Each structure stands twice: as structure tokens, then as C-alpha cells.
Amino acid sequence: QVQLVESGGGSVQAGGSLRLSCAASGHTNTPACMGWFRQAPGKEREGVASVSRGGTITNYTGSVKGRFTISRDNAKNTLWLQMNSLEPEDTALYYCAADFTPFRGYCSLRDVGYNYWGQGTQVTVSS
């Protein structure tokens with residue numbers, strides 16, 4: 001059974017940084033895509049960033065481009081999200097997700113493409 005466990009969330013002031021981690025276990029092959037998603041209170045879950053198996057193809061939602069960086073280390077079964085210049089609008093519960101289906105040439109930011117999910121880690125940014 002694949003398990004994804006997020007960590008690294010917390011409370012920071014606007015302009016600060018956090019680094020989220022996602023540890024994966026229980027799988028025998030490497031997911032084609034991994035992604036970070038977030039859900040703020042009263043809002044739908046949205047894709048934040050995604051990365052391909054080799055780490056060379058990334059995808060970011062517009063509001064985080066230039067501020068967030070997604071990366072992964074398959075040997076360590078770990079996914080990261082470096083978040084800089086945080087804004088109050090970044091406050092949300094952040095989830096990591098894995099897609100073990102065959103690679104289609106890109107990694108989606110739509111949650112329907114991911115078949116395993118973590119429980120989430122809370123990020124709170126105060127102004």
C-alpha cells in the first residue's frame with residue numbers, strides 16, 4: 001500500500017519561507033508524476049506544482065511561479081516544495097500526490113490525474 005506523509009508545514013509571516021517534504025513508501029515502481037496541491041477553507045483544492053519522474057519537467061500554477069520550487073529525489077523517495085516570499089493567500093492545507101499511471105509527456109495540476117494522496121500539512125501565513 002502506497003503511503004505519502006507530508007511534513008514541514010507551520011506558521012510564518014508574509015515574506016517568509018517554508019520547505020515542505022513528502023515521504024513516499026510502500027511502492028515498487030517510481031511514480032511518473034508527483035505533485036503538490038492545496039486547499040484553503042471554503043475553496044476548492046488546486047494544483048500548485050508538479051514534477052516528472054526525472055525531475056526535468058515541472059509545472060506551476062501562475063500564482064506561485066518564481067516563488068515556489070518543486071523537486072524530488074527518487075532514491076530517497078522524497079518530494080519537496082520550497083516556498084519563498086510567502087503571502088497570506090498561500091494559507092492552506094497542502095497535500096502531496098503521486099501518479100503511477102504511464103507518463104503522458106507532462107504532469108498535470110488537475111487532481112483527477114493522481115491516484116495516491118497524503119493527509120496534508122497546514123501552512124499559515126500571517127500578514
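Every value quoted in this text rests on a predicted model; they were computed, and no experiment measured them.
Heavy-atom contacts from other residues, nucleotides or ligands closer than 6.0 Å to CD of Gln119 number 12 or fewer.
Residues satisfying the side-chain contact (heavy atoms from CB on, under 4.5 Å) criterion with Ser7, sequence neighbours excluded, are Ser21. The salt bridge (Lys or Arg N to Asp or Glu O under 4.0 Å) test applied to Glu89 returns no partner, not counting sequence neighbours. Qualifying side-chain contact (heavy atoms from CB on, under 4.5 Å) partners for Thr101, counting only residues two or more places apart in sequence or in other chains: Asp99, Arg104, Asn115. Residues forming a side-chain contact (heavy atoms from CB on, under 4.5 Å) with Ser71 (at least two apart in sequence, or on another chain): Trp80.
Pairs passing the salt bridge (charged side-chain N to carboxylate O under 4.0 Å, His left out) check and including a residue from residues 115-126, sequence neighbours excluded, do not occur. Sorted by first and then second residue, the pairs that involve residues 19-39 and meet salt bridge (charged side-chain N to carboxylate O under 4.0 Å, His left out), not counting sequence neighbours, are Arg38-Glu46, Arg38-Asp90. Annotation: disulfide bond (SG atoms under 2.5 Å apart) contacts involving residues 67-101, sequence neighbours excluded, comprise Cys22-Cys96. For residues 25-81, every residue pair satisfying the disulfide bond (SG atoms under 2.5 Å apart) rule, not counting sequence neighbours, is listed here: Cys33-Cys107.
Listed by chain and number, the hydrophobic cluster partners of Leu93 are Phe37, Tyr95, Tyr114, Trp117, where partners are ILVMFWY side chains within reach of under 4.5 Å, directly or through others. Through chains of ILVMFWY side-chain contacts below 4.5 Å, Ile57 is grouped with Phe103. Cluster note: Leu109 groups with no other residue, as no ILVMFWY side-chain heavy atom lies under 4.5 Å from it. Cluster partners of Leu20, using a side-chain heavy-atom cutoff of under 4.5 Å among ILVMFWY residues and allowing indirect links, are Val2, Leu4, Val12, Leu18, Met34, Trp36, Val48, Val51, Tyr60, Val64, Phe68, Ile70, Leu79, Leu81, Met83, Leu86, Tyr94, Phe100, Tyr116, Val123, Val125.
Judged purely by atom type and a 3.5 angstrom limit, Thr78 uses its side chain to pair as donor or acceptor with the backbone of Lys76. Counting only distance, with no hydrogens or angles, the side chain of Arg72 and the backbone of Ser52 share a donor-acceptor pair below 3.5 Å.
The minimum heavy-atom distance linking Gln39 with Arg45 is given by the pair NE2-N, 3.8 Å. Between Pro31 and Arg53, the shortest heavy-atom contact is O-CB, 3.8 Å. Closest non-hydrogen pair, Ser108 versus Arg110, comes out as OG-N, 2.7 Å. Scanning all heavy atoms of the two residues, the minimum distance from Ala14 to Ser127 falls at CB-CA, 4.3 Å.
One finds the OG atom of Ser25 at 9.5 Å from the CD atom of Gln1 (value rounded to the nearest 0.5 Å). Interatomic distance, Lys65 NZ to Thr58 OG1, rounded to the nearest 0.5 Å: 9.5 Å.
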